[in-house]
Amino acid sequence: QGSKPRVLLCAPSNAGIDELVRRMIREVHQGEEEKENKRRHYTGNCGDLNLVRLGRPSSIHPDAQGFSLDNIVEKQLKSYTKTVESSKEKYIQEQLVALDVQIADLERACGMQRLMGNTHKQREVEKR
C-alpha cells in the first residue's frame, strides 16, 4: 500500500551492471540540471532512487562504488556511531552540570557551618 515499487536490474557481467548504474546516475544528474531542482530534497541516494550495487568491491567500477552494499552499510554505521557518540557526550555534559551543582551546594553548606563556628558539622559536609 505505501511501499515504493522495486526494480532488480541484472546483467551478464560486472561491467554490464556497472554501465547500467552509471547510466542511471547520469540520467538523474542530467534531469536535475535540466529542471534546476538542485535544492529539492531527494529521498534516495541517487535522486529519488535508492541504488544498491551488489558484488565484490574489487569488481565494482569506481563510479558505482558509492552505491555498493558495503559502502552503504559503512556510511550508515558511521552515522549511527556518530549519533551514539553525540548522545554519550550529551549525557556526560548533563552529569557534569549536575555534579557542579552538588559541589556548589556542598561548598555553600560548608561555608555556612564555618561561619556558624560548627567545625564538627563542617567536617561532615566536607567528607561528602
Side-chain angles (χ1 to χ4, degrees):
Q1 285 174 337
S3 65
K4 294 180 180 181
R6 296 174 186 224
V7 176
L8 174 65
L9 293 177
C10 301
S13 66
N14 287 317
I17 199 65
D18 285 337
E19 183 59 28
L20 288 172
V21 169
R22 290 168 52 202
R23 286 182 186 190
M24 291 177 74
I25 296 167
R26 189 172 38 245
E27 285 296 317
V28 167
H29 290 302
Q30 284 177 350
E32 289 173 1
E33 290 172 6
E34 289 172 8
K35 294 178 185 174
E36 295 183 31
N37 250 351
K38 294 178 184 177
R39 292 185 196 133
R40 181 173 173 255
H41 175 71
Y42 292 102
T43 59
N45 62 359
C46 183
D48 284 328
L49 302 174
N50 279 315
L51 293 179
V52 179
R53 168 64 166 90
L54 300 177
R56 287 190 335 253
S58 62
S59 66
I60 298 174
H61 189 279
D63 292 347
Q65 281 288 339
F67 302 96
S68 72
L69 181 61
D70 291 345
N71 189 284
I72 292 169
V73 169
E74 185 178 323
K75 283 181 186 176
Q76 288 182 346
L77 281 174
K78 283 181 182 177
S79 174
Y80 174 76
T81 302
K82 195 178 207 180
T83 302
V84 168
E85 290 300 318
S86 177
S87 297
K88 285 181 183 178
E89 286 178 23
K90 184 178 178 183
Y91 174 77
I92 290 170
Q93 289 295 332
E94 290 170 353
Q95 294 300 308
L96 284 173
V97 168
L99 288 172
D100 285 342
V101 168
Q102 286 179 340
I103 289 169
D105 289 345
L106 289 171
E107 286 175 342
R108 199 173 314 110
C110 186
M112 291 296 290
Q113 295 301 323
R114 191 177 310 122
L115 285 173
M116 295 170 39
N118 194 344
T119 56
H120 178 70
K121 287 270 189 189
Q122 178 187 350
R123 283 190 206 119
E124 284 180 25
V125 172
E126 286 174 350
K127 286 180 184 177
R128 285 192 263 163

(request) Considering only NZ, NE, NH1 and NH2 on the basic side and carboxylate oxygens on the acidic side, decide whether E19 and R22 come within less than 4.0 Å. (result)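 The answer is yes: the pair qualifies as a salt bridge.
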(request) For the pair R23 and E27, find out whether any cationic side-chain nitrogen is under 4.0 Å from an anionic carboxylate oxygen. (result)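 No salt bridge links R23 with E27.
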Closest approach of [X] and [Y], non-hydrogen atoms and distance?
X: L9; Y: I17; result: O-CD1, 3.4 Å
X: A11; Y: G16; result: CB-C, 3.7 Å
X: G55; Y: I60; result: O-CD1, 3.8 Å
X: D18; Y: A64; result: OD1-CB, 3.8 Å
X: P57; Y: D70; result: CG-OD2, 3.0 Å
X: I72; Y: L51; result: CD1-O, 3.5 Å

(message) I need the L69 CG to E74 CD distance, nearest 0.5 Å.
(response)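 Rounded to the nearest 0.5 Å, the CG-CD separation comes out at 11.5 Å.
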(request) Find the distance between CG (L96) and CD (E94) and round it off to the nearest 0.5 Å. (result)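 Reported to 0.5 Å precision, the distance equals 10.5 Å.
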(message) With a 4.5 Å cut-off on side-chain heavy atoms, are I25 and D63 touching?
(response)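 No, too far: nothing below the 4.5 Å cut-off.
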Please answer: with hydrophobic residues joined when any side-chain heavy atoms are less than 4.5 Å apart, are [X] and [Y] in the same cluster?
X: M24; Y: L8; answer: no
X: L77; Y: V52; answer: yes
X: V7; Y: V21; answer: yes

(request) List in chain and number order the residues that pass side-chain hydrogen bond (donor to acceptor under 3.5 Å, both in side chains) with Q102, two or more places apart in sequence or in another chain; answer none if no residue qualifies. (result)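 Counting only residues at least two positions away or on another chain, Q102 forms no side-chain hydrogen bond (donor to acceptor under 3.5 Å, both in side chains).
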(message) When you measure from the side chain of S87 to the backbone of T83, do you find a donor-acceptor pair of N or O atoms at a distance under 3.5 Å?
(response)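 Such a contact is found between S87 side chain and T83 backbone.
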